[in-house]
Amino acid sequence: GNSVTQMEGPVTLSEEAFLTINCTYTATGYPSLFWYVQYPGEGLQLLLKATKADDKGSNKGFEATYRKETTSFHLEKGSVQVSDSAVYFCALSDPTSYDKVIFGPGTSLSVIP
Amino acid sequence: DSGVTQTPKHLITATGQRVTLRCSPRSGDLSVYWYQQSLDQGLQFLIQYYNGEERAKGNILERFSAQQFPDLHSELNLSSLELGDSALYFCAAEDTLYEQYFGPGTRLTVT
């Protein structure tokens, strides 16, 4: 079946460091891919998305490219801030299951000054 | 603010009891998802409704049920509660681009 795998962390970085959170997926069709972010005590928020191969989603300095050949959607940011501390979820929209969204386990990121 | 509302924000109840969680999507959103988030299980998809009808089922226990009403708000009913049901319960409304807008969640504590 469809699935999403991502590094679970926790990931701890110093401010201004480069961030990569790996995400790979398995899907039978042509899913849309998403990154959601959950700040402490809040619900999830859509961070960025890509709907087809080679699309790049970007928002707030974060970006991710939909790589069909490697079935990946890695999240990157060139210079993290303390305010980026949160849990990041990779997700896919499964076209074979009435738009059910499948989430990865989440990656906790802590950015220290 | 996503525009999706959930009530109550917190709920404390005893084992064996039944509770109802409520979710109101944004105007025009036909699709509502329910998720359970716990420390050991992560974010688990429970069930999806689309325009009043059940569309997809995930890891939802038989003790749990949900429905979506004509005004598109949704309720998640949890019965015969166990300690292990303590978790955050989120609903999310999905737009036509498959983007999900999460509510703030209901924190359920079963004692």
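Chain identifiers are assigned alphabetically (A, B, ...) following the order of the sequence lines, protein sequences preceding nucleic acid strands; residue numbering begins at 1 within each chain.
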Take atom CD in A:Q81; do more than 12 heavy atoms of anything else shown fall under 6.0 Å from it? yes
Less than 4.5 Å apart, side chain to side chain, heavy atoms only: is that true for B:F90 and A:Q38? yes
Assert top hit (heavy-atom pairs under 4.5 Å, partner chain A, pool B:Y35, B:Y101, B:Y50) equals B:Y35
Counting distance only, does the side-chain N/O of A:Y36 pair as donor-acceptor with the main-chain N or O of B:Q100 below 3.5 Å? yes
Which heavy atom of A:F89 sits nearest a heavy atom of B:L43, and at what distance? CE2-CB, 4.2 Å
Using non-hydrogen atoms and a 4.5 Å limit, figure out which bit of B:Q37 sits close to chain A: side chain, backbone, both or neither. side chain
Applying the 4.5 Å side-chain criterion to the ILVMFWY set and letting contacts propagate, would B:V32 and B:L88 be lumped into a single cluster? no
Group every Ile, Leu, Val, Met, Phe, Trp and Tyr by side-chain heavy-atom contacts under 4.5 Å, then state whether B:F102 and B:L30 land in the same group. no
Counting only heavy atoms not in B:E62, do more than 12 sit closer than 6.0 Å to its CD atom? no
Group every Ile, Leu, Val, Met, Phe, Trp and Tyr by side-chain heavy-atom contacts under 4.5 Å, then state whether A:Y66 and A:I21 land in the same group. yes
